[in-house]
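Below, chain A is the first sequence line, B the second, and so on; all start at residue 1.
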Amino acid sequence: MRKTVIPFGPQHPVLPEPIHLKLTVEDERIIEAIPNLGYVHRGLERLADIRDFHQMIQVVERVCGICSVIHALCYCQGIEEIMGVEVPPRARYLRVMWSELHRIQSHLLWLGLFADSFGFESLFMQFWRVREKIMDISEATTGNRVIVSVNVIGGVRRNPDPEQIRWVLAQIDWVEAELQRLEDTMLEDYTVKKRTVGKGVLTRQQAYELGAVGPVLRGSGVAQDARQTGYAAYGELHFEPVVETDGDCYARNKVRFRETLASIDLIRRAIHRLPDGEVRTKIKGIKPPQGETVNRVEQPRGELLYYLKGSGQKTLDRVRIRTPTFANIPPLLVMLPGHFLSDVPVVTLSIDPCISCTER
Amino acid sequence: MREEIMAVSAEALVGEVAKLKVLGYRLVTLSCTELDASNLDILYHFDKDLGLKHLRLTAPKAAAVPSISPVYFAALLVENEIQDFFGLRFEGLVVDYRGTLYLEEEALKTPYCRFSLRSADQREGPAAALDAETNHPNAEKF
Amino acid sequence: MFRMTPNIVRNLVVRKSTRMYPVEVREPFAQVRGELFNDIERCIFCGTCEVKCPSQCIQVDKKACIWTCDPFACVFCGVCVDTCPAKSLYQKTKYRSPTGERIIISQQGQPRKKDKAKDRAGESGTPKGSGEEKADPGGDPAT
């Protein structure tokens, strides 16, 4: 059988962002996939040379348009660790709340896009309708919809009052009820299962060795979640990772759906235990960061790693960002061979590709 | 840094990494930092049961570093990335983009190096001619 | 097979989730960070906003007392509003509407004489004069 090379992307109806996969196919089956990146590379890491370490918060938030809070959180935690700044407890709990809100909206966005990838348009609309409520909560509590710049070094910038907190609780109750209505369709529907079960299988061994992170890793049965390290207030909230064992697209779908519900639960617990007090430590008078650190947090797409190095200057020497999609591309290359060309969109989307993140 | 950092030499690198793989470590990523005009600092981050472990390699820019992608396939993208941004050569890459993962062939430069300049003999093709241009990222305020 | 059907039936009877946008606009939330404005009467041209702005969209000419902002480069982060020592910067709750041409906001203010400032402070009863003197151009190096 003759081999044919088919380009997938950079522009493709199911891809929200540009990635190019060079697929070698034999008949309709894929035998090899080679990625090509660099369509949206912005060099944000290098901006650390000219922006001071406070301004870098706004820069790192723009690495990913979907999970800005968590990027800023990771960066701030790193700087706080180098500078030895203690964050007030209320700020730690609020950070959890906003991180989980962002996880929900990111997962809902993905669930919608995933439904769209196998042509289930009305389900896509339903998920995005629910997501809009989360965006409203973001806007009302932080001031912006997506890129909320609420984290600062030493705490958070907004302090929701009790009335707002009650309103947030009422809103997430609505979100949970709506999601439960969609659960049956997303997890049990015949068409959904037909397109996802057994597609893009990654075994436990493969997932671990290929460095998969987040739902891809947990969908393959490895119970690893950076939130288990207990950063911010996760250590006090009895966090349990969501794990599925099948390792296929359906398992990843299920992990994300269950994580969305788990995040709602985490928000409730965080709000329930929300302590009173300050939300921001003054860092005036502390020397600019000197030293290096590695900080990890869990993004909706998986583990995010920041390597920060400062030498006591206003600008940092190095900001290195390892985004989760970057780690999930090698597993994707292993998942694709053996599948039909028509499954490529579903399998590619199942890692939740965020290409702007990947290229920074 | 809170975690332990182990310094390795370029010769011992692949052996150490293979040892970690046997011990059940997962490769998280590589971080490359420019130390001065001729040296780069590469950190290899590994993870096992939520604990991190780092290997530190100080590599001169001119010499090639052995690739760990035959051991950990996942290192392929990040090694190619460093090759693009810092101009460091990795030997034995599983898939070698030759500096064109992010960059275009006609614009091969080392955008993440402050002092950088790769000497023309390390490059092939038309890119070598472009080398003479200095890379001044701070020259203009944007 | 028909798991989506209850949702579809339900959607036929419940209220619409979308709005006819340009005609019908939702009231913005109270704490939204929208368009940036400068109350030029209160501005002391210290240049803190220029230094702090992460997108460098603000220029302050201290001598001529001109405050310039490129509203299309502003990222609505609100850092300048937080750090403004004279509290002259503020954000409305509405976002800027799209326009066909690029504009630069340039505002000409009055230079503040120190004695004048003290007079004002004396009148209003607030320690304004000290605030202004503390607002050293460039801000403090530690932050």
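Proximity to chain A is limited to the backbone of B:L27, based on heavy atoms less than 4.5 angstrom apart. Both the backbone and the side chain of B:D47 come within contact range of chain A, each with at least one heavy atom under 4.5 Å from a heavy atom of that chain. Interface residue A:A212: only backbone heavy atoms are found under 4.5 Å from chain B. Residue A:P331: no heavy atom, backbone or side chain, is found under 4.5 Å from chain B. Of the atoms belonging to A:E303, it is side-chain heavy atoms, and not backbone ones, that fall under 4.5 Å from chain B. The contact between B:Y25 and chain A is made entirely by backbone atoms, counting heavy-atom distances below 4.5 Å. With a 4.5 angstrom heavy-atom cutoff, A:Q224 touches chain B only via side-chain atoms. Only the side chain of A:L305 has a heavy atom closer than 4.5 Å to any heavy atom of chain B.
No close placement of the A:Y307 and B:H54 rings is indicated, their centers lying 6.0 Å or farther apart.
Ranking B:S31, B:A75, B:G24, B:G51 against chain A, the residue ahead of the rest is B:S31, based on heavy-atom pairs under 4.5 Å. When A:G43, A:A226, A:A223 are compared by the number of non-hydrogen pairs under 4.5 Å with chain B, A:G43 comes out ahead. Chosen from A:L37, A:I329, A:N295, the residue pairing most often with chain B at heavy-atom distances under 4.5 Å is A:L37.
The existence of a salt bridge linking B:E81 and A:R322 is excluded, since no basic side-chain nitrogen approaches an acidic carboxylate oxygen closer than 4.0 Å. The pair B:E34-A:R318 fails the salt-bridge criterion, with no side-chain N (NZ, NE, NH1 or NH2) lying under 4.0 Å from an Asp/Glu carboxylate O.
For the pair B:L43/A:K309, no side-chain contact is recorded, criterion being any heavy-atom separation below 4.5 Å from C-beta on. Using a 4.5 Å cut-off on side-chain heavy atoms (C-beta onward), B:L77 and A:T358 make no contact.
A distance-only check finds no donor-acceptor pair linking the side chain of B:R26 to the backbone of A:V213 [under 3.5 Å].
A donor-acceptor pair shorter than 3.5 Å can be found between the side chains of B:T29 and A:R320.
Among all heavy-atom pairs drawn from B:A74 and A:G211, the shortest one is CB-N, 4.3 Å.
A 6.0 Å sphere centred on NZ of A:K22 holds no more than 12 heavy atoms belonging to other residues, nucleotides or ligands.
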